Protein chains: 2
Amino acid sequence: MESNVTAAVPRGRPREFDAQEALAAALRVFWLRGYEGASLTELTEAMGITRPSLYACYGNKESLFRKALDLYEQEKLAYMGAALNAPTAREVAERLLHGALEMQRSTSDPRGCLGVISSLACGAEAESIKAEVIARRASSEAALIQRFERARDEGDLPDHVDPAGLARYLGAVIQGMLVQASSGVSCKDLSKLVDTAMMVWPSR
Amino acid sequence: MESNVTAAVPRGRPREFDAQEALAAALRVFWLRGYEGASLTELTEAMGITRPSLYACYGNKESLFRKALDLYEQEKLAYMGAALNAPTAREVAERLLHGALEMQRSTSDPRGCLGVISSLACGAEAESIKAEVIARRASSEAALIQRFERARDEGDLPDHVDPAGLARYLGAVIQGMLVQASSGVSCKDLSKLVDTAMMVWPSR
DNA sequence: TGCTTTCCATACCGATCGATATAGTGAGTT
DNA sequence: AACTCACTATATCGATCGGTATGGAAAGCA
């Protein structure tokens, strides 16, 4: 079997649109509307392509969403991986909170979090999408739990805090903040929220 | 104009179903699916009535949702009003967190929060629903801010915490916890989350 | 130039969406 | 018993959903 990662010799008429650019446009629509709320009409209009082009290039709506989710994690959630490398648990939390906050400052991106938006409300048919998003989040949470377990072992956390509980707690603060961002709470207020969260962060 | 709160003399054939009972069934569907994810077919099947009966009794889907939202706030969010009357800010937080946690223990109700679910993902047509839910939540948040301002005035909070920031922070913890509940996190883990949140709660 | 291949545009598919028109039925009033 | 009115059941409305069939246009290769 030959490699089909890059077609060796592109035969036929080449694509007239930039697949990555169009995917970014689709991501914005999903981000704004959620998986089910994003109709093919709105998607294709935002992407500047027709329906047959969309299906030829991305498969169907569901696989388009998964590709958009990949792009989202890769571009917008890059700060997460970096945050886990911070030297102390407190700095991990600070980087995660500020990373999420900074993302909300963008004027070109929608508010909130694509994952949260797409994992909650869904009709009966979108259960597999919901499951996918939840599975991806689970791996992030597992990494955070491990990081805090390491912090505990390094004496970086007070003895009475449970690493797993702390990880879920921090995840809740971030997700709750993103819910509020979706609801239109201003960045200034979100910033005060983050400041409060850091103020109460447990220290030895 | 006569009072139409209660029809003085009900003429014609009386309704064969219990409007309140059917509304409770509709609430469960909205809670599980969100506003847009709940189809009329699924609603009427759960309610045990036909479409014309639904429209005659509740108006349309949107007004049915608002009535369900009323019922939800009245029945499921009753603990919120009570929590605000707790003597200290810490106890207010504790009652709110535990109230939300206890709600997730129900085996008959869906997980998560109807408000959060319905305020996030939505197509273009459900914007008015989203606005409605957000407006209702705003009044709750305002009450919480006032409560914490009172706490500050009573010397019930450390001087360095901002009441509004603390209120938004607590709201985020609760909403984030409900997001996780919707995602299937177990009550045991949610309980650890709440314990952690109470552990870090600022004390004088 | 001729051929292949994939592109784009239009129109359309069955299914489902929220919402109603129509007709028949039945309980309460007179 | 006759009448009235709102109920129920069925069938259907136009619009939109995700997804495609069809046909002409255009780029690359021989």
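Lettering follows sequence order; numbering is per chain, from 1. What you see is a predicted model, and the numbers here were worked out from it, not measured in a lab.
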Legend entry - d(CG, B/Asp18; C1', D/dC7) in whole Å: 16 Å
Inset, instruction - Figure out the CD/P separation between B/Glu42 and C/dT16, and round it to whole Å. - result: 13 Å
Legend entry - Over-ring placement of B/Arg15 relative to B/Phe17, 6.0 Å and 45° cut-offs: yes
Legend entry - Presence of A/Thr41 side-chain N/O under 4.0 Å of D/dC17 phosphate oxygens OP1/OP2: yes
Inset, instruction - To the nearest Å, give me how far apart CD (B/Glu36) and C1' (C/dT16) are. - result: 14 Å
Legend entry - Length of the CG-P vector between A/Leu40 and C/dC13, whole Å: 18 Å
Legend entry - Side-chain (B/Ser106) to main-chain (B/Met103) donor-acceptor, under 3.5 angstrom: no
Legend entry - Sub-4.0 Å heavy-atom contacts from residues 43-65 of chain A onto DNA chain C, ordered by number: A/Thr50, A/Pro52, A/Ser53
Inset, instruction - Ignoring hydrogens and angles, tell me if any N or O in the side chain of B/Trp201 forms a donor-acceptor pair with the backbone of A/Val200 under 3.5 Å. - result: no
Inset, instruction - Report yes or no: does B/Arg111 contribute a side-chain atom to a donor-acceptor pair with the main-chain N or O of B/Val185 at less than 3.5 Å? - result: yes
Legend entry - Residues A/Asp195 and B/Arg168 bridged, charged N to O under 4.0 Å: no
Inset, instruction - Please determine if A/Lys61 forms a cation-pi arrangement with A/Tyr35, meaning its NZ or CZ atom is less than 6.0 Å from the six-membered ring centre and no more than 45° off the ring axis. - result: yes
Legend entry - A/Ser39 side-chain proximity, nearest of D/dG18, D/dT8, C/dC8: D/dG18
Inset, instruction - Take atom CZ of B/Phe30 and atom C1' of C/dG18, then tell me their distance rounded to the nearest Å. - result: 12 Å
Inset, instruction - Give the rounded distance in Å between these two atoms: CD of A/Glu16 and C1' of D/dA27. - result: 9 Å
